[in-house]
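First the structure, in the form of structure tokens, and then the observations on it.
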Amino acid sequence: MGLAALHYAAHAGAHVVATAGTPAKRDLLRLLGVRHVLDSHSLEFAHQVRGLTGGQGVDVVLNSLAGEAISRGLEALRSGGRFIELGKRDLYGNSRLLLRAFLNNLTMSAVGDINELPTHHPEIASEQRPEFTKRVHDGTYRPILHHVYPADRITDACEALQHSRHIGKVVISLDPPPHLEHHPTPMAMDPQATYLVTGRLCGFGAATARWLTRRGAHHLALVGRRGADTPEAPALLDELRSAGVHFTLHAADVSDMAAMRAVLDTVETREHPLRGVVHAAAVFDDVPLAELTDERLRRVLAPKATGAAVLDELTRHRDLTLFLLHSSVTGLIGNLHQSNYVAANVFLEALTRARRRAGLPALAVGWGPVADTGHVARHDMAAYLHTLGLPPLPAAELLHLLGSLLPSGADVATLAEVDWSRVRHLGPALSAPRFSPLLPPDATDGRTDDTLLRQLATTPPETAIALLTDALTHTLANILQTTTDRLPPDRPLTQLGLDSLMGAELMSALQQRLHCDLPMLEIVNSTSLSDLARRCLHRLTRPPR
């Protein structure tokens, strides 16, 4: 609206005083020929306008600012001036307006909804339309500045609008056509085929076997070092029997070429040919790299990496449709105490890519922690992993995602919930440039500020409020894309440019940085940053119920 108003003002021969909220936008106004450019984030603009007009004020104020800026805009008018309100925040909020300025014979008009003009006043619209059309055609009114986003970057466009980083119109273009994600039909298993599953007949391997049967598999070959003697095996076998699934048990070491050749020769039949392999075997032996021995390395590599190599060699001449390797998210982000396990998973991913280059089926999935079965559940590690930024997910939820992933054509994928603001501190691998688009850019990185929380717990209330106010100012400056010196602690939040979307961002930041669960209503009702700091301190220090 402001840029369009400049076109109109130039045509009408008006002298313009314009305001903008950022240095870049003020520089743009000067490039567009505006002689007097002021800062809209400072309420001093009314006094500055008086100074520029010899104390008289301007004839017209076209306003889209909110809060106290409206009163200041009225003060910038000369006697008989007109104030035209384009903003809606104060109209919807039914805000109060100080009336003393109207002693100066002012007129105020509010354009609440310009779309109502053709409906309620068609005669005005009919009168103005030909003149407007003529001025567009003769170039008097030219297209305003705009930024074009392709349709598949609509999220970036909305974020630019949210943080007022745009200039002029934001345009979404459908030319070229947007990239559309293909969501293939989940892969179904052949009920006549046999599917071989390696592992300990428990944990996530057993969960995958159950998933295969839900996808249509009726014949399974289950391979584990201890076979039916695995403690959790009876529950799995009873469940498979109840579901009418035919299965065979094989006690074998998956890294033993001869043993696995014998298993495959037994499994493969004319009636039920082998069509799929799921390799879920794994052994954990966590230790820092400096303490890793050859024996501990072999112990972890053998079942996962050597086992995968054995299965690859023994099935290359077979007509498989599924070759699924259970890798881990640690292959992507690393783990300082699992270098042997990480190496085994990276090998799986390399093997998968080699098979795909050879035209063979293969998929390696880097699973995140599983909440309800397997290593994490047995060792009660869920809470610990959550603090690291890797919250475990139920096996059913992870395997549901696998159904759509298998026919997608991917060779290596990761299925995990990752809190990048927390997990970035797990190890040096996360500092690699490839992770930069995923990591939060703000100074606190979304982490809990333990130092600040300790200070708040040991300082007097007034000092704690000052510390909180400073922390809130830095957080809000990052959200508003501005500097802290432009956010006075005693100014109403609405005057600082905080809208409902940014308020939600601030609420989330308070929860992450301070564990302060302040409701959105309290944030909106806060009269200033200092008041918000007091509300936060009350939440943080009140005794638990």
Side-chain angles (χ1 to χ4, degrees), residues 186-254 259-260 263-264 266-269 272-283 303-304 307-308 310-311 314-315 318 320-328 348 361-365 367-378 393-406 415:
M187 181 178 179
M189 304 301 143
D190 183 351
Q192 297 303 314
T194 296
Y195 294 88
L196 182 141
V197 181
T198 70
R200 296 172 53 199
L201 305 186
C202 61
F204 196 50
T208 309
R210 295 183 179 97
W211 175 82
L212 286 170
T213 64
R214 291 195 297 271
R215 301 302 308 165
H218 287 177
H219 302 272
L220 299 180
L222 306 175
V223 179
R225 186 187 294 270
R226 298 173 60 183
D229 293 335
T230 303
E232 299 175 39
L236 170 65
L237 303 182
D238 289 343
E239 187 175 333
L240 294 178
R241 289 191 190 97
S242 299
V245 176
H246 301 277
F247 60 85
T248 56
L249 292 177
H250 306 272
D253 181 350
V254 69
M260 290 307 299
V263 169
L264 291 180
T266 303
V267 166
E268 184 81 44
T269 67
H272 307 295
L274 182 67
R275 289 289 181 263
V277 169
V278 177
H279 182 43
V283 168
K304 185 175 279 281
V310 167
L311 292 169
L314 292 177
T315 61
R318 301 174 189 266
L320 299 185
T321 59
L322 173 68
F323 193 87
L324 174 63
L325 303 178
H326 279 5
S327 180
S328 164
L348 297 189
L363 171 64
V365 179
W367 299 104
V370 184
D372 49 358
T373 188
H375 184 74
V376 170
R378 283 194 295 271
L393 296 176
E397 184 175 337
L398 290 166
L399 290 167
H400 175 73
L401 298 171
L402 175 64
S404 297
L405 185 60
L406 281 170
L415 291 178

(request) Compare all side-chain heavy atoms of Leu398 with those of Val370 and state whether any distance is below 4.5 angstrom. (result) yes
(message) Could you tell me if the side chain of Leu196 sits less than 4.5 Å from the side chain of Val278, heavy atoms only?
(response) no
(message) Under the criterion side chain to side chain contact (heavy atoms under 4.5 Å, CB included), I'd like the reasoning laid out for Leu222 against Thr248: C-alpha separation, chi angles, the key distance, then a yes or no.
(response) CA-CA 6 Å; Leu222 306 175; Thr248 56; over 6 Å; no
(message) I'd like to know if the side chain of Arg225 and the backbone of Ala251 have a donor-acceptor N/O pair within less than 3.5 Å.
(response) no
(message) Strictly below 4.0 Å, N to O, side chains only: are Arg275 and Asp190 in salt-bridge contact?
(response) no
(message) side chain to side chain contact (heavy atoms under 4.5 Å, CB included) for Phe323 and Thr315? Distances and angles first, verdict last.
(response) CA-CA 9 Å; Phe323 193 87; Thr315 61; 3.7 Å; yes
(message) Does Val365 form a side chain to side chain contact (heavy atoms under 4.5 Å, CB included) with Leu402? I'd like the steps, not just the answer.
(response) CA-CA 9 Å; Val365 179; Leu402 175 64; 4.0 Å; yes
(message) Measuring only between side-chain heavy atoms, which start at C-beta, is Val267 closer than 4.5 Å to His272?
(response) no
(message) Under the rule for side-chain hydrogen bond (donor to acceptor under 3.5 Å, both in side chains), what residues qualify as partners of Glu239, not counting sequence neighbours?
(response) Arg210
(request) State, to 0.1 Å, how close Ala207 and Ala395 come at their nearest heavy-atom pair, and which atoms those are. (result) CB-CB, 4.1 Å
(request) Determine yes or no for a side-chain-to-main-chain donor-acceptor pair under 3.5 angstrom, with Trp211 supplying the side chain and Leu399 the backbone. (result) yes
(request) For Gln192, enumerate each residue passing the side-chain hydrogen bond (donor to acceptor under 3.5 Å, both in side chains) test, keeping only those at least two apart in sequence or located in another chain. (result) none
(request) For the residue pair Leu322 and Tyr195, establish whether any side-chain heavy-atom pair is separated by less than 4.5 Å. (result) yes
(request) Rounded to the nearest 0.5 Å, what's the gap from CG on Leu415 to NE2 on His400? Could you check? (result) 11.0 Å
(message) With a 4.5 Å cut-off on side-chain heavy atoms, are His250 and Thr266 touching?
(response) yes
(message) Rounded at 0.5 Å granularity, tell me how far CG in Asp253 sits from CZ in Arg226.
(response) 14.0 Å
(message) Using only atom types and a distance under 3.5 Å, with no angle test, would you say the side chain of Ser327 pairs donor to acceptor with the backbone of Ala364?
(response) no
(message) To check you understand the geometry: which heavy-atom pair defines the closest contact between Leu348 and Ala308, and what is its length?
(response) CD2-CB, 3.3 Å
(request) To the nearest 0.5 Å, tell me how far Leu274 CG sits from Thr269 OG1. (result) 9.5 Å
(request) Nearest 0.5 Å please: distance from the SG atom of Cys202 over to the NE2 atom of His375. (result) 12.0 Å
(message) With no hydrogens and no angle check, just 3.5 Å: does a side-chain donor-acceptor pair link His326 and Thr208?
(response) yes
(request) State, to 0.1 Å, how close Val197 and Gly205 come at their nearest heavy-atom pair, and which atoms those are. (result) CG1-O, 3.9 Å
(request) Indicate the atoms forming the closest heavy-atom contact of Lys304 with Ala282, along with that distance. (result) CE-CB, 3.8 Å
(message) Using side-chain heavy atoms (C-beta onward) and a distance below 4.5 Å, is Leu201 in contact with Val223?
(response) no
(message) Is the shortest side-chain heavy-atom distance between Leu264 and Arg318 below 4.5 Å?
(response) yes
(request) Could you tell me whether the side chain of His279 and the main chain of Pro303 form a donor-acceptor pair under 3.5 Å? (result) yes
(request) Could you pull out the closest heavy-atom pair between Pro369 and Val376, with the gap in Å? (result) CB-CG2, 4.1 Å
(request) Output, in order, the C-alpha distance, side-chain angles, deciding distance and verdict of side chain to side chain contact (heavy atoms under 4.5 Å, CB included) for Met189 and Leu406. (result) CA-CA 11 Å; Met189 304 301 143; Leu406 281 170; 4.2 Å; yes
(request) Determine whether Val310 and Val254 make a side-chain contact, defined as any pair of heavy atoms from C-beta on separated by less than 4.5 Å. (result) no
